[in-house]
Number of protein chains: 2
Amino acid sequence: MISVSDALDTLLDLVSPMAAETVPLRAAAGRVLAEPVSAKRDQPPFAASAMDGYALKSAEVEKDAMFKVIGESAAGHGFTGRVGAGQAVRIFTGAPIPEGADFVVIQEDISRSGNLITIANHPGTSTNIRPKGGDFQIGTTIDAPRVLGSADIALLAAMNIAQVPVRKQPTVALISTGDELVLPGDTPGPDQIIASNTFGLDALLTAAGARVRILPIARDTESDLRTAFELAQDADLIVTIGGASVGDHDLVAGVTETLGMSRAFYKVAMRPGKPLMAGTLGQSAMVGLPGNPVSAMVCGHIFILPMLRAMLGLATDTPALLTAPLAHPVSENGPRQHYMRGRFDGQSVHVFDDQDSARLTLLAEANVLVVRPPKDGARATGERVNYLPI
Amino acid sequence: MISVSDALDTLLDLVSPMAAETVPLRAAAGRVLAEPVSAKRDQPPFAASAMDGYALKSAEVEKDAMFKVIGESAAGHGFTGRVGAGQAVRIFTGAPIPEGADFVVIQEDISRSGNLITIANHPGTSTNIRPKGGDFQIGTTIDAPRVLGSADIALLAAMNIAQVPVRKQPTVALISTGDELVLPGDTPGPDQIIASNTFGLDALLTAAGARVRILPIARDTESDLRTAFELAQDADLIVTIGGASVGDHDLVAGVTETLGMSRAFYKVAMRPGKPLMAGTLGQSAMVGLPGNPVSAMVCGHIFILPMLRAMLGLATDTPALLTAPLAHPVSENGPRQHYMRGRFDGQSVHVFDDQDSARLTLLAEANVLVVRPPKDGARATGERVNYLPI
């Protein structure tokens with residue numbers, strides 16, 4: 001048996017970052033920036049007022065000073081003249097500071113009568129001016145890689161970057177195998193169950209940025225499996241589910257071998273989800289997951305999501321483990337790394353009593369996988385444990 | 001000025017849950033379940049083997065006992081006969097337990113010679129059988145409302161629920177106003193900037209489940225704004241950005257008034273983002289956000305996301321605030337609730353020194369908004385503060 005981290009290293013070696021493509025700004029939300037981009041302008045593009053008020057000369061600012069209002073500077077319509085001694089320009093938030101002015105007295109400190117204003121209260125020392133380029137300047141970069149969130153999209157817009165270089169989305173072909181499987185909506189025979197892994201993994205991988213193709217369920221025959229692999233051959237990643245022990249032989253292994261796949265089997269020291277197969281088939285990376293629903297989904301979190309991150313050019317060296325105190329004691333762990341379903345309630349983490357890998361209901365109730373290293377000792381209430389949010 | 005929570009209550013009063021619609025399972029990922037759904041079958045649908053091994057009678061299990069193998073039960077192909085005394089059936093994980101058998105000896109504890117097997121090691125007490133309905137039974141429900149994650153989708157599949165009742169996605173029309181704005185990719189004039197709020201809010205609201213329509217930028221004229229509102233009139237929610245103080249008058253307020261909107265203004269005791277307008281226009285709820293980029297995005301998090309949650313039928317009474325210790329001291333807060341940009345590094349939270357509401361770069365760097373209540377006192381390193389992940 002090999003460790004989870006050795007297995008993951010092997011899987012990550014099978015994939016490489018996707019090429020970049022350019023998409024319109026709006027379509028870049030949630031995508032991964034592929035290369036650094038640079039602002040095409042300064043923000044603000046001019047010295048701008050931070051407040052509604054009057055722009056004038058700072059040297060003339062004192063209580064009871066009077067000024068003549070000679071014009072207005074609004075957002076989109078700056079004042080084109082120059083502010084001289086004893087003069088002021090009505091100005092609004094975001095509007096350009098007119099030439100000759102270097103101070104904005106906020107309107108609350110002004111009394112106005114016709115075109116004359118008086119500084120009624122002593123203004124503070126702030127000029128209320130945002131300097132040109134104060135937020136960013138031409139050439140300021142956003143570094144890659146980076147998952148583009150809503151604030152990044154706003155920032156890219158402000159930088160006038162209308163076309164964004166992002167990593168292509170990896171295509172993933174999902175092949176569920178097994179005579180026992182039928183699709184949701186079908187009527188299963190007495191010995192059959194509904195294919196659930198396919199749909200769960202589809203949702204998981206799609207949310208992580210993959211373009212998922214669900215292939216028809218492959219029956220437990222060589223020809224059915226061969227057809228499925230042919231349909232999958234242009235995918236960046238092929239994921240098979242089940243089929244690793246059909247009767248006494250491994251059907252998926254046999255077929256992939258005849259297709260020329262160099263592959264390896266791994267018994268991974270983990271619970272749930274021990275058996276794993278991996279290799280390369282033509283241009284595609286290929287991973288064979290166990291058919292047990294909870295094992296398949298947990299392996300999706302632990303192995304396939306990091307592979308997608310690698311394909312998207314994101315860092316894979318640090319799993320996003322968090323820590324929280326236990327709400328109750330847990331007993332010692334066995335020799336395999338155990339991913340235990342549980343719930344984090346914002347304060348502490350509850351580990352479910354029942355960890356039967358056939359119980360999908362408990363996976364749906366869980367919002368974390370508590371990660372117990374091999375041979376981790378018993379832990380008391382309040383001890384901090386690592387967990388992966390799911 | 002009114003408090004943030006009073007403002008939010010007022011906004012939530014403007015919206016109600018969307019109607020339900022039925023979508024195929026695959027399209028239900030990430031959607032909100034609108035009503036409870038019930039399993040259409042038991043899982044497992046039959047008593048099933050939890051291991052690869054041999055099914056036989058528990059009364060006959062003892063070390064060195066011998067059995068004749070009379071058949072095989074594989075996933076999808078159960079054994080149709082009956083297991084009698086001294087008989088065993090080869091069985092694989094997930095396969096139906098044949099009639100007459102009530103125990104599975106795992107294959108590691110068996111030695112086999114032709115059709116004869118011997119129990120070579122003492123089996124444990126576990127029957128290695130998963131009882132029929134052990135995970136869920138016909139009628140087991142998934143409660144609504146619930147955001148459907150990948151494990152839920154797998155569970156719905158296993159329950160054979162191929163069509164899922166979910167809340168319709170609210171349509172949101174975004175109207176940016178201002179003569180100073182141009183779209184990304186355009187060439188701005190000397191007094192102009194790029195519309196960034198529209199694109200940032202689009203990404204934010206889309207990720208939260210809205211169907212966002214970006215309307216053309218409305219110039220600061222009544223006719224342009226009127227056209228924008230006409231284009232928006234079938235949206236569930238209309239969000240305007242900016243236009244609240246154009247020169248000395250409020251253009252959006254004027255136009256919505258002539259369109260018959262009953263509306264109210266709120267000066268909300270918050271930083272950033274003080275001014276807010278809200279009301280109902282025809283069938284649409286309408287919210288007017290400040291034009292400042294950071295204010296607009298923060299108001300999106302604080303006000304618009306909860307409105308979307310309400311429209312999706314989700315709970316809105318408990319904001320998803322987390323707590324973390326401060327990485328450094330912070331000074332006392334003023335009279336308004338302050339949403340301070342900062343970063344949580346997994347251990348503690350850093351609050352940025354510069355909280356200038358014009359600095360979009362700092363919003364993009366932030367992954368949290370630290371929430372400081374009005375008049376919150378100075379806080380020392382290590383004191384826990386509330387934050388909202390963004």
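Per chain, numbering begins at 1; letters A, B, ... match sequence-line order. Atom set for the values below is all heavy atoms of this structure, side chains included, hydrogens, waters and symmetry mates excluded. Everything numeric in this text was worked out from a predicted model, so none of it was measured.
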Please classify the contact between [X] and chain B as side chain, backbone, both or neither, with a heavy-atom cut-off of under 4.5 Å.
X	value
A50(A)	neither
P96(A)	side chain
F199(A)	both
R130(A)	side chain
P190(A)	backbone
L183(A)	backbone
Q347(A)	neither

| request: Select one option (side chain, backbone, both, neither) describing which atoms of V294(B) are under 4.5 Å from chain A's heavy atoms. | output: neither

| task | Counting only heavy atoms closer than 4.5 Å, note whether Q43(B) contacts chain A via side chain, backbone, both or neither. | result | side chain

| Short question: side chain of N160(A), backbone of P184(B) - any donor-acceptor pair under 3.5 Å? | no

| Check: D135(B) side chain, T361(A) main-chain N or O, donor-acceptor pair, under 3.5 Å | yes

| field | Minimum heavy-atom distance H301(A)-S150(B), with the two atoms named | value | NE2-OG, 4.4 Å

| said: For chain A, which candidate among I194(B), L322(B), L201(B) shows the most heavy-atom pairs at distances under 4.5 Å? | reply: I194(B)

| With sequence neighbours excluded, residues passing salt bridge (charged side-chain N to carboxylate O under 4.0 Å, His left out) with D186(B) | none

| field | R343(B): salt bridge (charged side-chain N to carboxylate O under 4.0 Å, His left out) partners, not counting sequence neighbours | value | none

